[in-house]
There are 2 protein chains.
Amino acid sequence: MILKSQVEWALHCCAILAGLPEGRYLSTKALAEFHGVPKEYLSKALQSLSQAGLVHTTLGPSGGYRLAGTPAELTFLDIVEAVEGKARTFVCNNIRANNPCRPQGYCESGACAVARVMWEADEAWRDKLRSVRLSDLIDTLAKEIPAELWKSSFEWVLERAG
Amino acid sequence: MILKSQVEWALHCCAILAGLPEGRYLSTKALAEFHGVPKEYLSKALQSLSQAGLVHTTLGPSGGYRLAGTPAELTFLDIVEAVEGKARTFVCNNIRANNPCRPQGYCESGACAVARVMWEADEAWRDKLRSVRLSDLIDTLAKEIPAELWKSSFEWVLERAG
DNA sequence: CAAATAGGGATATCTATTATCCGTAATAAC
DNA sequence: GTTATTACGGATAATAGATATCCCTATTTG
Ligand code: SF4
Ligand code: SF4
């Protein structure tokens, strides 16, 4: 059970977009080149972000993406769920229904204890992701990334931002 | 990103095995029939439990599986990890290494902030699973399952336990 | 010895992920 | 207006992983 690589891509892209000046847009092409991933496939991840309303887009030359809100309004969970979906990671196949001792017409009263525990764990995962904002990530990155690299990356992006 | 159905199967099988009297064993065949799942494939899940040391096995007629310890010593995490593996759900493809601005020979100092957050969320999921013991599940099931069904299932199992 | 079992290897099938390609509509620059 | 560039969506192919089956072996019970 492994998250799609698009999740990592989307998170990194949002981190880049967070540094974009007001009103500017960055294209799929630039984001793909910066991260060294296939443009067409990254495009699907960005479209997921767009459909979830996390980013705004414009068409045409100098078009591309920018965050829909401030980095403080965007959580890891928003981004992860936009790409990975909101479905729970444990699906109940209701195998108890095959129990040979089960009385005819016995109707389960909702999900059993097994499923509930698994879903609680799922929620714990989501709670953690919900508690970290994109702005928190930027703060950490700014501290950890060498100032020179941070600056040159920023300039690289600005050169290509429409 | 969805957990294997074997996870559900393994959890249910452990719940059944927890009710087994000391020294008795229950076969793959019986467990598969009880849950209505393919015997050969369920066998793989049970082998995973065996390899993880969670259950003991014996061969021959009247052979099968029993818990290696008490239900209180076994957590959800033990069972889930035995079947699903201990690998983290977020894998870092190190796409920052493709950054065109990255200085030659620049060596990353461990995983970046993105990966660390995702791994913390993964840990939160595992912490939750670690906090629930098999004995807790049995307690809940005993409360929720109709006494009659509980009893007949128990008898069904005992008839087939070696 | 005969029957039943766990275990493991090989293999097939199905599904989801990963990736590419192409056509369309919209937009900006010229 | 024309052209270049872009996001978007549909179709499709390639790959990997999950699901499932089959068969052989060693071991144990009776
Ligand atoms: S026992 Fe729980 S997890 Fe298993 S099939 Fe029933 S509801 Fe689903
Ligand atoms: S930035 Fe983090 S998640 Fe992304 S490639 Fe680097 S270490 Fe991995």
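In the text below, chain A, chain B and the rest are named by the order of the sequence lines, each starting its count at 1. Computed from a prediction, not measured in an experiment: that's the story for all the values here.
Contacts of residues 88-99 of chain A with DNA chain D (heavy atom under 4.0 Å): none. Contact check of residues 50-58 of chain A against DNA chain D (heavy atom, cut-off under 4.0 Å) returns Ser50(A), Gln51(A), Thr57(A), Thr58(A). Of the residues in residues 62-71 of chain A, Ser62(A) come within less than 4.0 Å of DNA chain C through at least one heavy atom, sorted by number.
The neighbour count for Glu144(B) CD, taken as heavy atoms of other residues, nucleotides or ligands under 6.0 Å away, is above 12.
Within the structure, salt bridge (charged side-chain N to carboxylate O under 4.0 Å, His left out) contacts touching residues 149-162 of chain B (residues at least two apart or in different chains) are Lys151(B)-Glu155(B).
Heavy atoms only, all atoms of each residue included: Leu158(A) and Arg24(A) are closest at O-NH2, 3.3 Å. What you find for Ser62(B) and Tyr25(B) is that their closest heavy atoms are O-CB, 4.0 Å.
Inter-residue side-chain proximity for Asp122(A) and Phe90(A) is flagged as unmet; no heavy-atom pair is nearer than 4.5 Å. Put simply, the side chain of Leu129(B) reaches to within 4.5 Å of the side chain of Met118(A), judged on heavy atoms. Looking only at side-chain heavy atoms (C-beta outward), Thr89(A) and Ile2(B) stay at 4.5 Å or farther from each other. Side-chain contact between Gln6(B) and Tyr41(B) is present, with at least one heavy-atom pair separated by less than 4.5 Å. Counting heavy atoms from C-beta on, the side chains of Glu33(A) and Pro100(B) never come closer than 4.5 Å.
One hydrophobic cluster holds both Leu42(A) and Leu3(A) under the rule that ILVMFWY side chains link at heavy-atom gaps under 4.5 Å.
Read 5' to 3', the first and last nucleotides of DNA chain D with an atom closer than 4.0 Å to a heavy atom of chain A are dA4(D) to dA18(D).
In summary, Lys128(A) and Glu123(B) do not engage in a salt bridge, as defined by a charged side-chain N under 4.0 Å from a carboxylate O.
Atom CG in Leu46(B) sits about 8 Å away from atom P in dA6(C), given to the nearest Å. The separation between Lys29(B) atom NZ and dG7(C) atom C1' is 18 Å, rounded to whole Å.
For the atom pair OG of Ser43(B) and NZ of Lys29(B), the computed distance is 14.0 Å after rounding to the nearest 0.5 Å.
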Could you list all N or O pairs between the protein and nucleotides 15-22 of chain C that sit under 3.5 Å apart?
unit_1  : atom_1 : unit_2   : atom_2 : d
dT17(C) : OP1    : Met1(B)  : N      : 3.3
dT18(C) : OP1    : Ser5(A)  : N      : 3.2
dT18(C) : OP1    : Ser5(A)  : OG     : 3.4
dT18(C) : OP2    : Tyr41(A) : OH     : 3.4

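A donor-acceptor contact closer than 3.5 angstrom is absent between the side chains of Glu148(B) and Ser152(B).
Evaluated for a side chain to side chain contact (heavy atoms under 4.5 Å, CB included) with Leu11(B), the options Leu137(B), Ile79(B), Val83(B) yield exactly one hit, Ile79(B).
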